[in-house]
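First the proteins, then the strands, lettered A, B, ... as listed; each starts at 1. These numbers were taken from a predicted model, which means no experiment stands behind them.
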Number of protein chains: 2
Amino acid sequence: MAKTGDRGRARARTAPAPALAALDFALDRVSPVPLYHQLAQQLQAAIEHGSLAPGDLLGNEVDLSVRLGLSRPTVRQAIQSLVDKGLLVRRRGVGTQVVHSRVRRPLELSSLYDDLEAAGQGPTTQVVRNEVVPASCEVAAALGVPEGSEVAALERLRRTHGRPVALLRNYLPVSLLALDDARLESTGLYRMMRSAGITLHSARQTVGARAATPEEATRLEEREGAALLTMERTAFDDTGRAVEYGRHIYPASRYTFDFQLLIRA
Amino acid sequence: MAKTGDRGRARARTAPAPALAALDFALDRVSPVPLYHQLAQQLQAAIEHGSLAPGDLLGNEVDLSVRLGLSRPTVRQAIQSLVDKGLLVRRRGVGTQVVHSRVRRPLELSSLYDDLEAAGQGPTTQVVRNEVVPASCEVAAALGVPEGSEVAALERLRRTHGRPVALLRNYLPVSLLALDDARLESTGLYRMMRSAGITLHSARQTVGARAATPEEATRLEEREGAALLTMERTAFDDTGRAVEYGRHIYPASRYTFDFQLLIRA
DNA sequence: AAGTGGTCTAGACCACGTT
DNA sequence: ACGTGGTCTAGACCACTTC
(Lines give C-alpha, C1' and ligand atoms only; values in the text may rest on other atoms or scores of the structure.)
Protein backbone atom coordinates (compact mmCIF):
# COMPACT_ATOMS: atom_id res chain seq x y z
CA MET A 1 0.00 0.00 0.00
CA ALA A 2 1.38 3.34 -1.03
CA LYS A 3 1.96 5.76 1.80
CA THR A 4 0.83 9.00 0.30
CA GLY A 5 0.52 12.37 1.94
CA ASP A 6 -2.55 12.94 3.99
CA ARG A 7 -3.76 16.42 4.65
CA GLY A 8 -6.34 15.40 7.20
CA ARG A 9 -5.75 13.21 10.18
CA ALA A 10 -2.51 11.34 10.32
CA ARG A 11 -2.97 7.63 9.87
CA ALA A 12 -1.62 5.43 12.63
CA ARG A 13 1.05 2.98 11.57
CA THR A 14 -0.47 -0.20 12.91
CA ALA A 15 -4.10 0.78 13.06
CA PRO A 16 -6.17 -0.92 10.37
CA ALA A 17 -7.66 2.21 8.82
CA PRO A 18 -10.13 4.95 9.63
CA ALA A 19 -12.98 2.74 8.40
CA LEU A 20 -16.69 3.21 8.61
CA ALA A 21 -16.27 6.04 6.15
CA ALA A 22 -19.75 7.02 5.23
CA LEU A 23 -22.03 4.06 5.48
CA ASP A 24 -25.48 5.45 5.15
CA PHE A 25 -27.47 4.95 8.26
CA ALA A 26 -31.14 5.64 7.88
CA LEU A 27 -32.61 6.62 11.20
CA ASP A 28 -36.35 7.00 11.44
CA ARG A 29 -37.24 9.24 14.33
CA VAL A 30 -40.92 8.52 13.89
CA SER A 31 -40.59 4.79 14.10
CA PRO A 32 -41.56 3.20 17.39
CA VAL A 33 -38.32 1.24 17.39
CA PRO A 34 -35.75 3.08 19.51
CA LEU A 35 -32.99 4.98 17.79
CA TYR A 36 -30.26 3.06 19.58
CA HIS A 37 -31.81 -0.14 18.38
CA GLN A 38 -32.10 1.05 14.81
CA LEU A 39 -28.44 1.98 14.88
CA ALA A 40 -27.44 -1.30 16.45
CA GLN A 41 -29.34 -3.27 13.85
CA GLN A 42 -27.75 -1.38 10.99
CA LEU A 43 -24.30 -1.73 12.47
CA GLN A 44 -24.85 -5.43 12.93
CA ALA A 45 -26.08 -5.74 9.37
CA ALA A 46 -22.98 -3.91 8.14
CA ILE A 47 -20.78 -6.29 10.09
CA GLU A 48 -22.55 -9.41 8.93
CA HIS A 49 -22.73 -8.16 5.39
CA GLY A 50 -19.03 -7.44 5.43
CA SER A 51 -19.15 -3.69 4.94
CA LEU A 52 -17.39 -3.58 8.28
CA ALA A 53 -14.61 -6.13 8.27
CA PRO A 54 -13.11 -7.76 11.34
CA GLY A 55 -10.63 -5.37 12.95
CA ASP A 56 -12.15 -2.26 11.43
CA LEU A 57 -12.39 0.72 13.72
CA LEU A 58 -15.71 2.43 14.19
CA GLY A 59 -14.31 5.88 14.81
CA ASN A 60 -14.76 7.71 18.05
CA GLU A 61 -18.13 8.00 19.63
CA VAL A 62 -18.30 11.76 19.68
CA ASP A 63 -17.75 12.11 15.94
CA LEU A 64 -20.16 9.31 15.32
CA SER A 65 -22.89 10.91 17.35
CA VAL A 66 -22.41 14.21 15.56
CA ARG A 67 -22.49 12.60 12.14
CA LEU A 68 -25.60 10.65 12.98
CA GLY A 69 -27.33 13.53 14.70
CA LEU A 70 -27.64 11.54 17.89
CA SER A 71 -26.44 12.16 21.40
CA ARG A 72 -23.41 10.27 22.55
CA PRO A 73 -25.27 8.20 25.16
CA THR A 74 -27.62 6.97 22.47
CA VAL A 75 -24.74 5.96 20.24
CA ARG A 76 -23.05 4.31 23.19
CA GLN A 77 -26.18 2.33 23.96
CA ALA A 78 -26.23 0.99 20.43
CA ILE A 79 -22.57 0.10 20.51
CA GLN A 80 -22.86 -1.46 23.93
CA SER A 81 -25.56 -3.81 22.77
CA LEU A 82 -23.27 -5.10 20.04
CA VAL A 83 -20.39 -5.39 22.48
CA ASP A 84 -22.66 -7.53 24.65
CA LYS A 85 -23.41 -9.68 21.64
CA GLY A 86 -19.71 -10.10 21.05
CA LEU A 87 -19.63 -8.33 17.71
CA LEU A 88 -17.61 -5.30 18.80
CA VAL A 89 -14.73 -4.69 21.19
CA ARG A 90 -14.06 -1.45 22.98
CA ARG A 91 -10.60 -0.44 24.12
CA ARG A 92 -9.81 2.71 25.98
CA GLY A 93 -7.40 4.89 24.15
CA VAL A 94 -7.80 2.76 21.05
CA GLY A 95 -11.36 2.77 19.91
CA THR A 96 -14.15 0.40 19.05
CA GLN A 97 -13.47 -2.29 16.51
CA VAL A 98 -15.16 -5.22 14.90
CA VAL A 99 -14.27 -8.51 16.52
CA HIS A 100 -11.78 -10.58 14.60
CA SER A 101 -13.44 -13.91 14.25
CA ARG A 102 -17.05 -13.59 13.39
CA VAL A 103 -19.19 -15.00 16.11
CA ARG A 104 -20.47 -18.26 14.75
CA ARG A 105 -24.11 -17.86 15.53
CA PRO A 106 -26.39 -16.11 17.94
CA LEU A 107 -27.49 -19.57 18.99
CA GLU A 108 -27.77 -18.47 22.60
CA LEU A 109 -30.35 -20.98 23.70
CA SER A 110 -28.75 -24.33 23.11
CA SER A 111 -31.36 -26.96 22.69
CA LEU A 112 -34.02 -24.95 24.42
CA TYR A 113 -35.45 -23.75 21.14
CA ASP A 114 -34.86 -27.15 19.64
CA ASP A 115 -36.83 -28.74 22.38
CA LEU A 116 -39.59 -26.25 22.70
CA GLU A 117 -39.99 -24.71 19.33
CA ALA A 118 -40.49 -27.74 17.13
CA ALA A 119 -42.10 -25.87 14.24
CA GLY A 120 -39.57 -26.54 11.45
CA GLN A 121 -40.51 -28.73 8.52
CA GLY A 122 -37.86 -31.36 9.10
CA PRO A 123 -38.61 -32.46 12.61
CA THR A 124 -42.04 -33.76 13.49
CA THR A 125 -43.41 -34.03 16.96
CA GLN A 126 -45.87 -36.59 18.20
CA VAL A 127 -47.72 -36.07 21.45
CA VAL A 128 -47.61 -39.37 23.28
CA ARG A 129 -49.12 -38.22 26.51
CA ASN A 130 -50.92 -35.09 27.65
CA GLU A 131 -52.75 -35.16 30.92
CA VAL A 132 -53.11 -33.50 34.26
CA VAL A 133 -51.58 -35.37 37.16
CA PRO A 134 -50.69 -34.67 40.78
CA ALA A 135 -47.14 -33.41 41.09
CA SER A 136 -44.62 -35.92 42.28
CA CYS A 137 -42.14 -34.86 44.88
CA GLU A 138 -39.50 -34.27 42.26
CA VAL A 139 -41.72 -32.29 39.92
CA ALA A 140 -43.15 -30.24 42.75
CA ALA A 141 -39.69 -29.28 43.91
CA ALA A 142 -38.60 -28.27 40.43
CA LEU A 143 -41.67 -26.18 39.71
CA GLY A 144 -41.98 -24.76 43.18
CA VAL A 145 -45.56 -25.96 43.66
CA PRO A 146 -47.02 -28.03 46.50
CA GLU A 147 -46.51 -31.75 46.20
CA GLY A 148 -49.63 -33.40 44.89
CA SER A 149 -50.98 -30.24 43.26
CA GLU A 150 -52.09 -30.54 39.67
CA VAL A 151 -49.56 -30.20 36.91
CA ALA A 152 -49.69 -30.88 33.20
CA ALA A 153 -47.63 -33.87 32.16
CA LEU A 154 -46.51 -33.96 28.58
CA GLU A 155 -44.62 -36.54 26.64
CA ARG A 156 -43.54 -35.96 23.08
CA LEU A 157 -41.49 -37.95 20.63
CA ARG A 158 -39.55 -35.94 18.12
CA ARG A 159 -38.31 -37.33 14.82
CA THR A 160 -36.07 -36.10 12.07
CA HIS A 161 -35.85 -37.96 8.82
CA GLY A 162 -38.32 -40.39 10.30
CA ARG A 163 -36.08 -41.46 13.16
CA PRO A 164 -36.49 -40.50 16.81
CA VAL A 165 -34.09 -37.83 18.04
CA ALA A 166 -35.66 -36.97 21.36
CA LEU A 167 -38.11 -38.15 23.92
CA LEU A 168 -39.33 -35.03 25.69
CA ARG A 169 -41.07 -35.25 29.03
CA ASN A 170 -42.33 -31.96 30.36
CA TYR A 171 -44.24 -30.80 33.39
CA LEU A 172 -45.95 -27.43 33.55
CA PRO A 173 -48.06 -25.65 36.14
CA VAL A 174 -51.68 -26.14 35.23
CA SER A 175 -53.55 -22.97 34.26
CA LEU A 176 -50.44 -21.59 32.69
CA LEU A 177 -51.73 -22.26 29.23
CA ALA A 178 -54.01 -24.55 27.27
CA LEU A 179 -52.15 -27.52 25.85
CA ASP A 180 -53.98 -29.09 22.97
CA ASP A 181 -52.24 -31.80 21.05
CA ALA A 182 -52.74 -30.31 17.63
CA ARG A 183 -51.07 -27.03 18.49
CA LEU A 184 -48.32 -28.80 20.36
CA GLU A 185 -47.49 -30.87 17.32
CA SER A 186 -47.60 -27.99 14.88
CA THR A 187 -46.63 -24.92 16.82
CA GLY A 188 -44.34 -26.04 19.59
CA LEU A 189 -44.42 -25.38 23.29
CA TYR A 190 -42.18 -22.36 23.18
CA ARG A 191 -44.34 -20.38 20.80
CA MET A 192 -47.43 -21.37 22.70
CA MET A 193 -45.88 -19.91 25.82
CA ARG A 194 -44.93 -16.70 24.11
CA SER A 195 -48.36 -16.16 22.66
CA ALA A 196 -49.75 -16.80 26.12
CA GLY A 197 -47.70 -13.83 27.31
CA ILE A 198 -45.01 -15.84 29.02
CA THR A 199 -41.53 -14.45 28.58
CA LEU A 200 -38.79 -16.96 29.17
CA HIS A 201 -35.93 -15.49 31.10
CA SER A 202 -33.55 -18.18 32.23
CA ALA A 203 -33.19 -21.91 32.51
CA ARG A 204 -31.14 -24.26 34.56
CA GLN A 205 -29.93 -27.41 32.88
CA THR A 206 -28.13 -30.56 33.77
CA VAL A 207 -26.78 -32.69 30.97
CA GLY A 208 -25.58 -36.20 31.50
CA ALA A 209 -25.35 -39.54 29.75
CA ARG A 210 -26.18 -43.17 30.41
CA ALA A 211 -27.04 -46.39 28.68
CA ALA A 212 -30.54 -46.90 27.33
CA THR A 213 -32.90 -49.23 29.13
CA PRO A 214 -34.62 -51.81 26.97
CA GLU A 215 -37.83 -49.81 26.90
CA GLU A 216 -36.06 -46.57 26.04
CA ALA A 217 -34.08 -48.34 23.36
CA THR A 218 -37.27 -49.55 21.77
CA ARG A 219 -38.93 -46.18 21.78
CA LEU A 220 -35.88 -44.42 20.40
CA GLU A 221 -35.18 -47.19 17.91
CA GLU A 222 -31.78 -47.88 19.37
CA ARG A 223 -29.94 -50.94 20.60
CA GLU A 224 -30.29 -51.80 24.24
CA GLY A 225 -27.46 -50.19 26.15
CA ALA A 226 -26.85 -47.54 23.50
CA ALA A 227 -25.50 -44.24 24.80
CA LEU A 228 -28.17 -41.69 25.63
CA LEU A 229 -27.84 -38.01 26.38
CA THR A 230 -30.01 -36.95 29.26
CA MET A 231 -31.11 -33.45 30.04
CA GLU A 232 -32.99 -32.08 32.95
CA ARG A 233 -34.16 -28.52 32.83
CA THR A 234 -36.24 -25.99 34.69
CA ALA A 235 -37.17 -22.83 32.82
CA PHE A 236 -38.19 -19.58 34.48
CA ASP A 237 -40.13 -16.62 33.20
CA ASP A 238 -39.16 -13.01 33.75
CA THR A 239 -40.81 -12.88 37.15
CA GLY A 240 -38.71 -15.78 38.34
CA ARG A 241 -41.49 -18.33 38.40
CA ALA A 242 -40.77 -21.83 37.15
CA VAL A 243 -42.86 -22.41 34.03
CA GLU A 244 -41.47 -25.68 32.71
CA TYR A 245 -39.66 -28.70 34.03
CA GLY A 246 -38.38 -31.28 31.61
CA ARG A 247 -36.59 -34.60 31.68
CA HIS A 248 -35.50 -35.45 28.18
CA ILE A 249 -33.46 -38.18 26.55
CA TYR A 250 -31.71 -38.20 23.21
CA PRO A 251 -30.02 -40.99 21.30
CA ALA A 252 -26.40 -39.90 21.35
CA SER A 253 -25.80 -41.36 17.91
CA ARG A 254 -28.18 -38.84 16.40
CA TYR A 255 -28.04 -35.85 18.69
CA THR A 256 -25.57 -33.44 20.25
CA PHE A 257 -26.03 -30.26 22.22
CA ASP A 258 -24.50 -27.34 20.50
CA PHE A 259 -24.36 -23.97 22.13
CA GLN A 260 -22.44 -20.81 22.71
CA LEU A 261 -21.43 -19.36 26.02
CA LEU A 262 -21.00 -15.67 26.54
CA ILE A 263 -18.63 -14.89 29.34
CA ARG A 264 -19.61 -11.80 31.20
CA ALA A 265 -17.15 -9.84 33.27
CA MET B 1 -53.86 -7.28 58.44
CA ALA B 2 -55.66 -4.25 59.81
CA LYS B 3 -56.57 -1.68 57.22
CA THR B 4 -55.86 1.55 59.00
CA GLY B 5 -55.97 5.04 57.68
CA ASP B 6 -52.93 6.16 55.77
CA ARG B 7 -52.19 9.82 55.38
CA GLY B 8 -49.39 9.33 52.92
CA ARG B 9 -49.51 7.29 49.78
CA ALA B 10 -52.38 4.89 49.45
CA ARG B 11 -51.28 1.31 49.59
CA ALA B 12 -52.24 -0.85 46.64
CA ARG B 13 -54.37 -3.87 47.43
CA THR B 14 -52.26 -6.55 45.81
CA ALA B 15 -48.91 -4.84 45.74
CA PRO B 16 -46.55 -6.28 48.33
CA ALA B 17 -45.63 -3.04 50.08
CA PRO B 18 -43.64 0.10 49.47
CA ALA B 19 -40.49 -1.74 50.52
CA LEU B 20 -36.88 -0.68 50.34
CA ALA B 21 -37.68 1.76 53.08
CA ALA B 22 -34.34 3.15 54.10
CA LEU B 23 -31.66 0.58 53.55
CA ASP B 24 -28.45 2.41 54.05
CA PHE B 25 -26.42 2.56 50.91
CA ALA B 26 -22.89 3.74 51.39
CA LEU B 27 -21.61 5.29 48.21
CA ASP B 28 -17.98 6.24 48.02
CA ARG B 29 -17.47 8.91 45.41
CA VAL B 30 -13.70 8.70 45.78
CA SER B 31 -13.50 4.99 45.13
CA PRO B 32 -12.35 3.94 41.69
CA VAL B 33 -15.27 1.55 41.48
CA PRO B 34 -18.09 3.23 39.56
CA LEU B 35 -21.09 4.50 41.48
CA TYR B 36 -23.54 2.41 39.46
CA HIS B 37 -21.51 -0.65 40.30
CA GLN B 38 -21.36 0.16 43.98
CA LEU B 39 -25.12 0.56 44.00
CA ALA B 40 -25.64 -2.65 42.06
CA GLN B 41 -23.45 -4.59 44.45
CA GLN B 42 -25.27 -3.29 47.49
CA LEU B 43 -28.64 -3.98 45.97
CA GLN B 44 -27.56 -7.48 45.09
CA ALA B 45 -26.26 -8.00 48.60
CA ALA B 46 -29.57 -6.81 50.02
CA ILE B 47 -31.42 -9.25 47.79
CA GLU B 48 -29.20 -12.18 48.60
CA HIS B 49 -29.15 -11.34 52.25
CA GLY B 50 -32.91 -11.16 52.28
CA SER B 51 -33.34 -7.51 53.19
CA LEU B 52 -35.14 -7.28 49.89
CA ALA B 53 -37.51 -10.21 49.58
CA PRO B 54 -38.82 -11.67 46.34
CA GLY B 55 -41.63 -9.50 45.03
CA ASP B 56 -40.55 -6.40 46.90
CA LEU B 57 -40.80 -3.17 44.99
CA LEU B 58 -37.78 -0.94 44.71
CA GLY B 59 -39.67 2.32 44.44
CA ASN B 60 -39.54 4.52 41.43
CA GLU B 61 -36.27 5.48 39.92
CA VAL B 62 -36.66 9.20 40.29
CA ASP B 63 -37.20 9.05 44.03
CA LEU B 64 -34.39 6.56 44.36
CA SER B 65 -31.95 8.78 42.54
CA VAL B 66 -32.89 11.76 44.69
CA ARG B 67 -32.54 9.80 47.89
CA LEU B 68 -29.19 8.43 46.86
CA GLY B 69 -27.90 11.70 45.51
CA LEU B 70 -27.33 10.15 42.11
CA SER B 71 -28.66 10.99 38.70
CA ARG B 72 -31.37 8.82 37.30
CA PRO B 73 -29.27 7.37 34.48
CA THR B 74 -26.75 6.19 37.03
CA VAL B 75 -29.42 4.52 39.10
CA ARG B 76 -30.87 2.99 35.98
CA GLN B 77 -27.50 1.59 35.01
CA ALA B 78 -27.22 -0.13 38.37
CA ILE B 79 -30.73 -1.53 38.17
CA GLN B 80 -30.24 -2.62 34.58
CA SER B 81 -27.21 -4.67 35.49
CA LEU B 82 -29.26 -6.58 38.04
CA VAL B 83 -32.09 -7.00 35.58
CA ASP B 84 -29.57 -8.54 33.20
CA LYS B 85 -28.49 -10.89 35.94
CA GLY B 86 -32.07 -11.91 36.47
CA LEU B 87 -32.38 -10.54 39.99
CA LEU B 88 -34.83 -7.75 39.24
CA VAL B 89 -37.79 -7.30 36.94
CA ARG B 90 -38.98 -4.01 35.53
CA ARG B 91 -42.58 -3.42 34.57
CA ARG B 92 -43.88 -0.25 33.08
CA GLY B 93 -46.60 1.27 35.13
CA VAL B 94 -45.77 -1.07 38.00
CA GLY B 95 -42.22 -0.60 39.09
CA THR B 96 -39.08 -2.60 39.65
CA GLN B 97 -39.31 -5.65 41.86
CA VAL B 98 -37.21 -8.46 43.12
CA VAL B 99 -37.62 -11.65 41.12
CA HIS B 100 -39.76 -14.31 42.75
CA SER B 101 -37.57 -17.35 42.69
CA ARG B 102 -34.04 -16.60 43.59
CA VAL B 103 -31.74 -17.35 40.74
CA ARG B 104 -29.96 -20.50 41.72
CA ARG B 105 -26.43 -19.51 41.04
CA PRO B 106 -24.47 -17.18 38.86
CA LEU B 107 -22.91 -20.33 37.44
CA GLU B 108 -22.84 -18.82 33.97
CA LEU B 109 -19.88 -20.73 32.65
CA SER B 110 -20.93 -24.36 32.81
CA SER B 111 -17.94 -26.58 32.91
CA LEU B 112 -15.64 -23.99 31.46
CA TYR B 113 -14.38 -23.00 34.86
CA ASP B 114 -14.44 -26.60 35.95
CA ASP B 115 -12.29 -27.57 33.04
CA LEU B 116 -9.93 -24.69 33.02
CA GLU B 117 -9.72 -23.51 36.55
CA ALA B 118 -8.75 -26.68 38.38
CA ALA B 119 -7.46 -24.89 41.45
CA GLY B 120 -9.81 -26.25 44.15
CA GLN B 121 -8.50 -28.56 46.79
CA GLY B 122 -10.71 -31.49 45.92
CA PRO B 123 -9.86 -32.08 42.30
CA THR B 124 -6.29 -32.75 41.31
CA THR B 125 -4.94 -32.43 37.83
CA GLN B 126 -2.16 -34.45 36.31
CA VAL B 127 -0.46 -33.27 33.14
CA VAL B 128 -0.10 -36.32 30.93
CA ARG B 129 1.16 -34.59 27.83
CA ASN B 130 2.49 -31.13 27.11
CA GLU B 131 4.27 -30.55 23.85
CA VAL B 132 4.36 -28.46 20.75
CA VAL B 133 3.07 -30.17 17.64
CA PRO B 134 2.05 -29.18 14.12
CA ALA B 135 -1.64 -28.42 13.92
CA SER B 136 -3.79 -31.14 12.43
CA CYS B 137 -6.44 -30.14 9.97
CA GLU B 138 -9.11 -30.28 12.63
CA VAL B 139 -7.16 -28.27 15.21
CA ALA B 140 -6.08 -25.71 12.65
CA ALA B 141 -9.66 -25.14 11.60
CA ALA B 142 -10.84 -24.74 15.17
CA LEU B 143 -8.10 -22.31 16.15
CA GLY B 144 -8.04 -20.44 12.87
CA VAL B 145 -4.34 -21.03 12.28
CA PRO B 146 -2.63 -22.52 9.20
CA GLU B 147 -2.59 -26.30 9.05
CA GLY B 148 0.77 -27.60 10.17
CA SER B 149 1.67 -24.51 12.18
CA GLU B 150 2.84 -25.05 15.71
CA VAL B 151 0.33 -25.43 18.49
CA ALA B 152 0.61 -26.51 22.08
CA ALA B 153 -0.98 -29.88 22.76
CA LEU B 154 -2.04 -30.55 26.30
CA GLU B 155 -3.52 -33.59 27.92
CA ARG B 156 -4.63 -33.61 31.52
CA LEU B 157 -6.33 -36.14 33.71
CA ARG B 158 -8.52 -34.75 36.44
CA ARG B 159 -9.48 -36.68 39.53
CA THR B 160 -11.86 -36.10 42.40
CA HIS B 161 -11.76 -38.34 45.41
CA GLY B 162 -8.98 -40.19 43.68
CA ARG B 163 -11.08 -41.24 40.71
CA PRO B 164 -10.87 -39.81 37.20
CA VAL B 165 -13.66 -37.41 36.26
CA ALA B 166 -12.25 -35.94 33.08
CA LEU B 167 -9.69 -36.45 30.40
CA LEU B 168 -8.96 -33.00 29.03
CA ARG B 169 -7.24 -32.57 25.69
CA ASN B 170 -6.49 -28.99 24.74
CA TYR B 171 -4.81 -27.21 21.88
CA LEU B 172 -3.62 -23.62 22.13
CA PRO B 173 -1.83 -21.26 19.79
CA VAL B 174 1.85 -21.33 20.64
CA SER B 175 3.22 -18.05 22.01
CA LEU B 176 -0.04 -17.35 23.70
CA LEU B 177 1.39 -18.19 27.07
CA ALA B 178 4.02 -20.33 28.73
CA LEU B 179 2.63 -23.69 29.80
CA ASP B 180 4.69 -25.30 32.48
CA ASP B 181 3.41 -28.46 34.06
CA ALA B 182 3.75 -27.32 37.64
CA ARG B 183 1.60 -24.24 37.17
CA LEU B 184 -0.89 -26.19 35.10
CA GLU B 185 -1.36 -28.69 37.86
CA SER B 186 -1.65 -26.12 40.61
CA THR B 187 -3.09 -23.00 39.04
CA GLY B 188 -5.21 -24.15 36.14
CA LEU B 189 -5.29 -23.05 32.55
CA TYR B 190 -7.94 -20.44 33.01
CA ARG B 191 -6.09 -18.46 35.61
CA MET B 192 -2.90 -18.73 33.64
CA MET B 193 -4.67 -17.15 30.71
CA ARG B 194 -6.08 -14.34 32.79
CA SER B 195 -2.76 -13.48 34.30
CA ALA B 196 -1.30 -13.49 30.80
CA GLY B 197 -3.77 -10.73 29.96
CA ILE B 198 -6.16 -12.90 28.00
CA THR B 199 -9.81 -12.11 28.60
CA LEU B 200 -12.14 -14.89 27.69
CA HIS B 201 -15.22 -13.65 25.96
CA SER B 202 -17.20 -16.52 24.49
CA ALA B 203 -17.01 -20.19 23.77
CA ARG B 204 -18.72 -22.57 21.46
CA GLN B 205 -19.43 -26.03 22.76
CA THR B 206 -20.76 -29.29 21.49
CA VAL B 207 -21.76 -31.91 24.00
CA GLY B 208 -22.45 -35.49 23.04
CA ALA B 209 -22.17 -38.98 24.40
CA ARG B 210 -20.84 -42.35 23.31
CA ALA B 211 -19.51 -45.61 24.65
CA ALA B 212 -15.95 -45.74 25.95
CA THR B 213 -13.30 -47.48 23.88
CA PRO B 214 -11.19 -50.02 25.75
CA GLU B 215 -8.32 -47.59 26.08
CA GLU B 216 -10.53 -44.77 27.31
CA ALA B 217 -12.20 -47.10 29.75
CA THR B 218 -8.83 -48.01 31.20
CA ARG B 219 -7.71 -44.45 31.60
CA LEU B 220 -10.97 -43.33 33.16
CA GLU B 221 -11.22 -46.46 35.30
CA GLU B 222 -14.50 -47.47 33.75
CA ARG B 223 -15.88 -50.59 32.15
CA GLU B 224 -15.45 -50.94 28.43
CA GLY B 225 -18.49 -49.58 26.69
CA ALA B 226 -19.47 -47.38 29.65
CA ALA B 227 -21.30 -44.16 28.75
CA LEU B 228 -19.03 -41.17 28.24
CA LEU B 229 -19.91 -37.53 27.94
CA THR B 230 -17.93 -35.83 25.21
CA MET B 231 -17.39 -32.14 24.87
CA GLU B 232 -15.75 -30.16 22.14
CA ARG B 233 -15.11 -26.50 22.70
CA THR B 234 -13.45 -23.51 21.14
CA ALA B 235 -12.95 -20.48 23.38
CA PHE B 236 -12.44 -16.94 22.12
CA ASP B 237 -10.93 -13.90 23.76
CA ASP B 238 -12.42 -10.44 23.64
CA THR B 239 -10.86 -9.67 20.30
CA GLY B 240 -12.53 -12.68 18.77
CA ARG B 241 -9.41 -14.78 18.39
CA ALA B 242 -9.59 -18.46 19.22
CA VAL B 243 -7.40 -19.10 22.25
CA GLU B 244 -8.27 -22.66 23.16
CA TYR B 245 -9.65 -25.74 21.48
CA GLY B 246 -10.50 -28.75 23.57
CA ARG B 247 -11.79 -32.28 23.11
CA HIS B 248 -12.70 -33.69 26.49
CA ILE B 249 -14.32 -36.84 27.77
CA TYR B 250 -16.02 -37.51 31.08
CA PRO B 251 -17.27 -40.72 32.64
CA ALA B 252 -21.02 -40.19 32.71
CA SER B 253 -21.35 -42.11 35.93
CA ARG B 254 -19.36 -39.46 37.75
CA TYR B 255 -19.95 -36.27 35.83
CA THR B 256 -22.76 -34.07 34.55
CA PHE B 257 -22.80 -30.65 32.97
CA ASP B 258 -24.73 -28.21 35.01
CA PHE B 259 -25.37 -24.73 33.79
CA GLN B 260 -27.74 -21.86 33.56
CA LEU B 261 -28.96 -20.20 30.43
CA LEU B 262 -29.94 -16.57 30.33
CA ILE B 263 -32.42 -15.84 27.61
CA ARG B 264 -31.94 -12.45 26.12
CA ALA B 265 -34.66 -10.64 24.33
C1' DA C 1 0.12 15.67 24.66
C1' DA C 2 -3.63 13.94 22.29
C1' DG C 3 -7.20 10.82 21.60
C1' DT C 4 -10.15 7.28 23.15
C1' DG C 5 -13.78 5.14 25.84
C1' DG C 6 -15.80 5.24 30.95
C1' DT C 7 -18.56 7.62 34.00
C1' DC C 8 -21.84 11.03 35.53
C1' DT C 9 -25.19 14.85 35.57
C1' DA C 10 -29.85 17.25 35.24
C1' DG C 11 -32.95 17.75 32.94
C1' DA C 12 -36.88 16.39 28.98
C1' DC C 13 -40.68 13.93 26.68
C1' DC C 14 -42.98 9.58 25.57
C1' DA C 15 -45.37 4.87 25.93
C1' DC C 16 -47.36 1.87 28.69
C1' DG C 17 -50.07 -0.22 32.57
C1' DT C 18 -52.72 0.64 36.40
C1' DT C 19 -56.40 2.93 38.63
C1' DA D 1 -55.62 10.59 35.07
C1' DC D 2 -51.65 9.13 37.00
C1' DG D 3 -47.36 6.85 37.90
C1' DT D 4 -44.09 3.91 36.09
C1' DG D 5 -40.17 2.73 33.30
C1' DG D 6 -38.23 3.74 28.26
C1' DT D 7 -35.86 6.85 25.56
C1' DC D 8 -33.12 10.86 24.49
C1' DT D 9 -30.38 15.11 24.94
C1' DA D 10 -26.12 18.12 25.61
C1' DG D 11 -23.09 18.78 27.99
C1' DA D 12 -18.93 17.56 31.80
C1' DC D 13 -14.79 15.41 33.78
C1' DC D 14 -11.86 11.32 34.34
C1' DA D 15 -8.79 7.17 33.21
C1' DC D 16 -6.38 4.80 30.12
C1' DT D 17 -3.57 4.08 25.85
C1' DT D 18 -0.69 5.50 22.51
C1' DC D 19 2.50 8.68 20.48
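- No side-chain N or O of B/Tyr36 forms a donor-acceptor pair with one of B/Gln80 less than 3.5 Å apart.
- Remark on DNA chain D: of its neighbouring residues A/Val75 and B/Val62, the 5'-side contact belongs to B/Val62, judged by nearest-heavy-atom nucleotide.
- Between B/Thr96 and D/dG5, a side-chain N or O to OP1/OP2 separation shorter than 4.0 Å is present.
- Distance from the side chain of A/Ser71 is smallest to D/dA10 among C/dT18, D/dA10, C/dT7.
- To the nearest 0.5 Å, atoms CG (A/Leu68) and CD (A/Glu61) are separated by 11.5 Å.
- A 4.5 Å side-chain heavy-atom check between A/Val98 and A/Leu87 finds every atom pair outside the cut-off.
- Residues B/Leu184 and B/Leu154 form a side-chain contact, since some pair of their non-hydrogen atoms from C-beta on lies under 4.5 Å apart.
- Side-chain proximity of B/Val94 to C/dG6, C/dT18, D/dT18: nearest is C/dT18.
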Candidate pair B/Arg90 and A/Asp238, rule salt bridge (charged side-chain N to carboxylate O under 4.0 Å, His left out), full reasoning: CA-CA 9 Å; B/Arg90 289 209 242 231; A/Asp238 57 4; over 6 Å; no
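- Rounded to an integer number of Å, the gap from CG of A/Leu68 to P of D/dC8 is 13 Å.
- Residue A/Arg72 has its side chain nearest to C/dG5 when only D/dC8, C/dG5, D/dA10 are considered.
- A donor atom on one side chain and an acceptor atom on the other are found under 3.5 Å apart for A/Gln44 and A/Glu48.
- Close to C/dT4, at under 4.0 Å from its OP1 or OP2, lies a side-chain N or O of A/Asn60.
- The nearest whole Å value for the distance from the CD atom in B/Gln77 to the C1' atom in D/dG6 is 15 Å.
- Shown for residues 26-38 of chain B: residues whose heavy atoms fall under 4.0 angstrom of DNA chain C, namely B/Arg29, B/Pro34, B/Leu35, B/Tyr36.
- If you measure from atom CG of B/Asp63 to atom C1' of D/dG5, you get 13 Å, rounded to the nearest angstrom.
- Atom pair B/Gln97:CD and D/dT4:C1' shows a separation of 12 Å (rounding to whole Å applied).
- Heavy-atom distances to DNA chain D give each of B/Gly95 and A/Arg92 a nearest nucleotide, and the one nearer the 5′ end belongs to B/Gly95.
- Side-chain contact annotation: B/Asp258 with A/Thr206, donor-acceptor N/O pair under 3.5 Å present.
- Between the CG atom of B/Leu70 and the C1' atom of C/dA10 there is a distance of 13 Å, given to the nearest Å.
- For C/dT9, one of the phosphate oxygens OP1 or OP2 lies less than 4.0 angstrom from a side-chain nitrogen or oxygen of B/Thr74.
- For B/Arg76, the listed nucleotide lying nearest its side chain is D/dG6; candidates were D/dG6, C/dG11, D/dT17.
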